[in-house]
Enquirer: 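What follows is a single structure, and I will ask about it in a moment.
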Amino acid sequence: MAEAYDFRNIEPKWRERWEFDATYRARSDGRPKYYVLEMLPYPSGDLHVGHAKNYSFGDAIARMTRMRGYDVLHPMGFDAFGLPAENAAIDRGVDPAAWTVENIANMQRQIRLMGTGYDWSREIATCFPEYYRWNQWLFLRLYERGLAYKREAPVNWCPHDKTVLANEQVIDGRCWRCNHLVERRNLSQWFLKITAYADRLLANLDKLEGWPERTKTMQRNWIGRSEGVRFDFAVDGLDETVPVFTTRIDTAFGATFLAIAPEHPMVARLRSIVPPERFDAVTAFAERVAGKSELERTSLLEKEGVFTGAYAINPLSGARVPIYATNYVLADYGTGAVMGVPAHDQRDAEFARKYELPSVTVVVPVDDDRARIEGAAFVDDGRLTDSGKYDGMTSAQARVAMAADLAQRGLGEVTVTTRIRDWLVSRQRYWGTPIPIVYCDGCGEVPVPDDQLPVLLPPGAPVDGEGSPLARMESFVNTTCPRCGKPARRETDTMDTFFESSWYYLRYLSPHDSVAPWERADANAWMNVDQYIGGAEHTVLHLLYARFFYMFFHDNRWVGGNDEPFERLFHQGMVLKDSEKMSKSRGNVVGVDETAERYGVDAMRLFLLYVTPPEDTAEWTDEGISGRVRFLNRVWRACEPLFGKPYASDGRLPAADEADDRTLLRAVHVAAKSALDETLSRRFHFNATIAKLDELVNALTAAARDRSGSPVTAYAVHALPILIAPFAPHIAEELWERLGHAVSVHLQRFIEPDERALAVAEIELVVQVNGKIRARLAVAPDISAERAYELAQENPAVRAQLESGELRKQIFVPGKLLNLVVS
RNA sequence: GGGGAAGUGGCGGAACGGUAGACGCAGCCGCCUCAAAAGCGGCCGAGGAAACUUGUGAGGGUUCGAAUCCCUCCUUCCCUACCA
């Protein structure tokens, strides 16, 4: 009995060889470049088959592209700063650096175990000074241009743990660790001015043709550009105005109150003109609302408010309306104040009903037959009424006219408001990049000079969850002012880890550079990322931040080409087990280690690519992967007869005269064409390609029974390792070697689909009568319409149908079908 | 409330206006075997003995022809959410 396919020996053997031979290193040798990248992973725990799906997919694309003659850059690294390491430190007293290094080692081992073809010579880990010094360098460049700045902002603060919490660490308004109510505190925070790029981030989306439409839509919504009018309400009895923003200025005559955020600066200034008890009530309400986390505050459906005791004058209608402090107006969107129009805004309607404020209809539907829903505001455009000189105008006309009038009176202007806010990048945390700023009593805020970078993250900080560890390290805090040399204090906040991941794709290009984060020449050579792969959960955060950074780099001429980093984007789907997301708490995690040990890596990779199209959610089943193990065994047996016979095929297309040979030859090229088509179309539906490989192996199995010695069989056997190489790299390499080849199968050219091999001698021509199939005729592929019609008439079933009426029309699709229209 | 994606056999899926269900999983039958496993061959949407009829969430439309394009509705999943 011949030797069976033994993945336990074969797979590790080839991984070592590839590593030793640097098989997957990008060469920069003049071939066209291709940069394929999976999103920078966080090195957490063990990999499961969900991760494996992502890596199998990216690796298949990289391998296919390399075999098509491209110089492929496919790097890997680790997003190594962040909370899990710090939490491990807090909970178990371990050193975050040691914990992270250990995790990286394990994850590297597992990624290598998968046989992925990364260029490890370019590996990065963001927690090392060689990387994060460039974070600091980039931060300083942003700072110099006014794009990084510090201001007071409300953050989640746990009074018990004395620390700031991320939004996701606030559960039902309480601290996830100690369960104390979280407060919102105004703290001085660092921001990046992404809003300065809002218009460009939005406009450029139209150019990103290789991005999924839904991702672009989500980014558009996130940026949330609204065109409207900003105009001023005068406060009655006070020489002050409250600006409001609205997209529906046409409803201005329907404003029956003015709603302002409790944090609005006007609240304090009303003290002099309102009764003291009203002022106290407003202050109490503001404190109550402000103490709540944004999460809790916005998830409250009930609208609440307090009358301030003051009134404002509507500049258009002249109406005097009460000013309310409310919980549903956000302080940091628009102007923090809105005109309340119960008749034409659903939120205002709910608020007005609760506080018994009047509703005045000023827009009526143009076609009145639409059924009105009781209690609902009429929010559509219509025709104006009870709006003074604007009566009779359409909403669109009124918007123009009112904006013009306000502008002329100097009381308002057409303006644009965006939903996106500046990016809060400072964290009162330890395990991150120190922000390179020094505070000096004499000089103020002083940036650390480039030649003093990196500001090292000091070891041995008190990481115990009791507030900012760096702030409690005297040795870190105390320094000298870079400007005047006097004693000064360091900034003790660290950066959000999204900072690192906003530019890492450039560091791969010059990974060991010690004079710049990357070389412009390298960026010119490799950017853009041709294919970016990652989960849809990063749609608005990472992908927006990275685009913002890249625009900044482009504006500074640090990169050439266009101002978008990612040419094409692909969101891979998840892998479920028992129809549920894999998680430790559910106990349904299918690990990479166990799966590789049990079934082999190649079978795992094949199954993950085969079970669904890559963008779909897949379901893990043990039966499913068993099918791929069977497939690989069949592949092995098909090739086995030619082991050690290097001259059985020279790889050139053999003549195929017999029908069986032609079928086999065709199966080879159908599979090759599928792989190529899926790659070129960027659908990457390799599940369809692998199905064609199944058919090829079925054909080979049949051939082995009948005529194992034919030149076409030998050709197909030699083609098979090349065809499966992108998907099952280990077995492909082993077979290739056993078939007598010395150079890696992964450095071979992929099989170019050949028209002669794809051609068939005979096709089945479908004959329809009035669209219903009545016959299938075996004919030559190039049969003419006339001849097809003649043959169709000879067919009894067709003839019977034709007799039922008169032939009106013939539709002939060459090589496919003939449709006869009879009536 | 807003946005997006998707509904095809027992299951995963294939079919980018032209033969619906490729390929695989599960199941059934056979060969091989003392037997089992593995392997190999065959069957496998529904109704029907067959001819044939019917069938891609529901309904309508466009077309010689629709799973595919358009409209209405239903269902599921994902994202987002008091954004004025």
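Below, each value reflects all heavy atoms present in this structure, side chains not excepted, and no hydrogens, waters or symmetry copies. Per chain, numbering begins at 1; letters A, B, ... match sequence-line order.
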Enquirer: Side chain of A:M218 only, please: which of B:rC79, B:rU19, B:rA22 is the nearest?
Expert: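 Between B:rC79, B:rU19, B:rA22, the one nearest the side chain of A:M218 would be B:rC79.
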Enquirer: Which nucleotide, B:rG18, B:rA26, B:rA22, lies nearest any side-chain atom of A:V813?
Expert: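 Among the listed nucleotides, the one closest to the side chain of A:V813 is B:rG18.
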Enquirer: Please classify B:rG13 as syn or anti, treating any glycosidic angle within 90° of 0 as syn.
Expert: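 Here the answer is anti: the torsion falls beyond 90° from 0.
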Enquirer: Please determine, for the side chain of A:R419, which listed nucleotide (B:rG24, B:rA15, B:rA81) has the closest atom?
Expert: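 From the listed options, B:rA81 comes nearest.
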Enquirer: Between the protein and nucleotides 62-68 of chain B, list the N/O to N/O atom pairs that are separated by less than 3.5 angstrom.
Expert:
unit_1, atom_1, unit_2, atom_2, d
B:rC64, O2', A:N819, ND2, 3.4
B:rC64, O2, A:N819, ND2, 2.5

Enquirer: Whole angstrom is fine here: how far is it from CG in A:D694 over to P in B:rG13?
Expert: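 Atom CG in A:D694 sits about 16 Å away from atom P in B:rG13.
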Enquirer: Nearest of B:rA14, B:rC23, B:rC40 to any side-chain atom of A:Y610?
Expert: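 Closest nucleotide to the A:Y610 side chain: B:rC23.
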Enquirer: Heavy atoms only, 4.0 Å cut-off, all strands: where does A:G224 land among base, sugar-phosphate and nothing?
Expert: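 Nothing: the residue A:G224, judged by heavy atoms under 4.0 Å, touches no strand.
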Enquirer: Just compare B:rA22, B:rG24, B:rA81 and give me whichever is closest to any side-chain atom of A:A691.
Expert: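 The closest nucleotide is B:rA22.
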Enquirer: Counting heavy atoms from C-beta on, name the nucleotide in B:rC16, B:rA84, B:rC23 closest to the side chain of A:S226.
Expert: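 Looking only at side-chain atoms, A:S226 lies closest to B:rA84.
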Enquirer: Would you call the rings of A:Y355 and A:Y324 parallel, tilted or perpendicular, taking 30° and 60° as the class edges?
Expert: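 The arrangement is tilted - the two ring planes meet at 30° to 60°.
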Enquirer: Among the nucleotides B:rG18, B:rC25, B:rA84, which one has an atom lying closest to any side-chain atom of A:E623?
Expert: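 Per side-chain heavy atoms of A:E623, the pick is B:rC25.
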Enquirer: Over how many whole Å does the gap from A:Y5 atom OH to B:rA38 atom C1' extend?
Expert: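 Nearest whole value for this atom pair: 17 Å.
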Enquirer: State which of B:rA22, B:rA14, B:rU19 makes the closest approach to the side chain of A:E764.
Expert: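 Nearest listed nucleotide: B:rU19.
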Enquirer: Between B:rG12, B:rG18, B:rU53, spot the one nearest the side chain of A:L817, thanks.
Expert: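 Comparing B:rG12, B:rG18, B:rU53 against the side chain of A:L817, the answer is B:rG18.
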Enquirer: Whole angstroms only, please: what is the CG-P distance between A:L693 and B:rG24?
Expert: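 Taking CG of A:L693 and P of B:rG24, I get 12 Å after rounding.
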Enquirer: Side chain of A:R683, heavy atoms from C-beta onward: which of B:rG3, B:rA15, B:rU54 has the nearest atom to it?
Expert: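 So the side chain of A:R683 is nearest to B:rA15.
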Enquirer: Please list each protein N or O that sits under 3.5 Å from an N or O in nucleotides 44-50 of chain B, with the distance.
Expert:
none

Enquirer: According to a 3.5 Å limit on both distances, what stems of 3 or more consecutive Watson-Crick or G-U pairs are formed with RNA chain B?
Expert: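 Correct response: B:1-7 with B:74-80, B:10-12 with B:23-25, B:27-31 with B:39-43, B:45-47 with B:52-54, B:57-61 with B:69-73.
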